[in-house]
Amino acid sequence: QVQLVESGGGLVQPGGSLTLSCAASGIIFINYAMAWYRQAPEKQRELVAIITNSGATDYADSVKGRFSISRDNGKKTVSLTMNSLKPEDTAVYYCNADYHYGHSMYWGQGTQITVAS
């Protein structure tokens, strides 16, 4: 019954911007930290950004100053706004819901972001 439905992926030019959204259902949204992960081909999945249930945020060093994560507890959504995109940002991006540091974890289906001219 838990679903994380992502939208907003696609092809974007270097230096461009893109916003990903994730709509959650089947969970008590306010109890979960929400995060975005990404995985490039043949690489490990890595944490990109996280926002706690209280609104605190943290980012991977590689995206600090360029990406911004936000959540809307009323709409049960989390967004990732990506600016100044680089080719190395190319990856499949996954929405993640995390209850108590991995006690319960749910994942979206993933959406492809390709940064290229």
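Since we're looking at a predicted model, the values are computed, not measured. Just the heavy atoms: all of them, side chains too, but no hydrogens, waters or symmetry mates, feed the values below.
- Met34 and Ala97 make their closest contact through SD-CB, 3.6 Å (heavy atoms, listed as atom of the first residue, atom of the second, distance).
- Side chain of Ser21 to main chain of Ser79: no donor-acceptor pair is present (N/O by atom type, distance under 3.5 Å, no hydrogens or angles).
- Taking CD1 of Ile113 as the start and CH2 of Trp36 as the end, the distance is 8.5 Å to the nearest 0.5 Å.
- Enclosure of atom CD in Gln39 by more than 12 non-hydrogen atoms of other residues, nucleotides or ligands within 6.0 angstrom is indicated.
- In this structure, CZ on Arg71 lies 8.5 Å from OG on Ser54, to the nearest 0.5 angstrom.
- Contact between Phe29 and Val78 at its shortest, heavy atoms only, is CZ-N, 4.5 Å.
- Ring orientation note: the planes of Trp107 and Tyr94 are nearly perpendicular, at an angle over 60° on the 30°/60° scale.
- Rounding to the nearest 0.5 Å places CG of Leu85 at 5.0 Å from CZ of Phe67.
- For the atom pair CG of Asn96 and CG of Leu47, the computed distance is 8.0 Å after rounding to the nearest 0.5 Å.
- The environment of CD in Gln44 is sparse: at most 12 heavy-atom neighbours from other residues, nucleotides or ligands sit within 6.0 Å.
- Note that the SG atom of Cys22 and the CG atom of Leu80 stand 11.0 Å from one another [nearest 0.5 Å].
- In this structure, OH on Tyr99 lies 14.5 Å from CE on Met105, to the nearest 0.5 angstrom.
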Asp89 and Arg66: CA distance, side-chain angles, deciding distance, side chain to side chain contact (heavy atoms under 4.5 Å, CB included) verdict | CA-CA 11 Å; Asp89 295 319; Arg66 300 189 297 121; 2.8 Å; yes
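- Within the 4.5 Å cutoff, side-chain heavy atoms of Gln112 are placed close to those of Thr90.
- Under the 3.5 Å distance criterion, the side-chain polar atoms of Glu6 are matched with a main-chain donor or acceptor of Cys95.
- For Lys64, the NZ atom counts as densely surrounded, since its 6.0 Å shell holds more than 12 non-hydrogen atoms of other residues, nucleotides or ligands.
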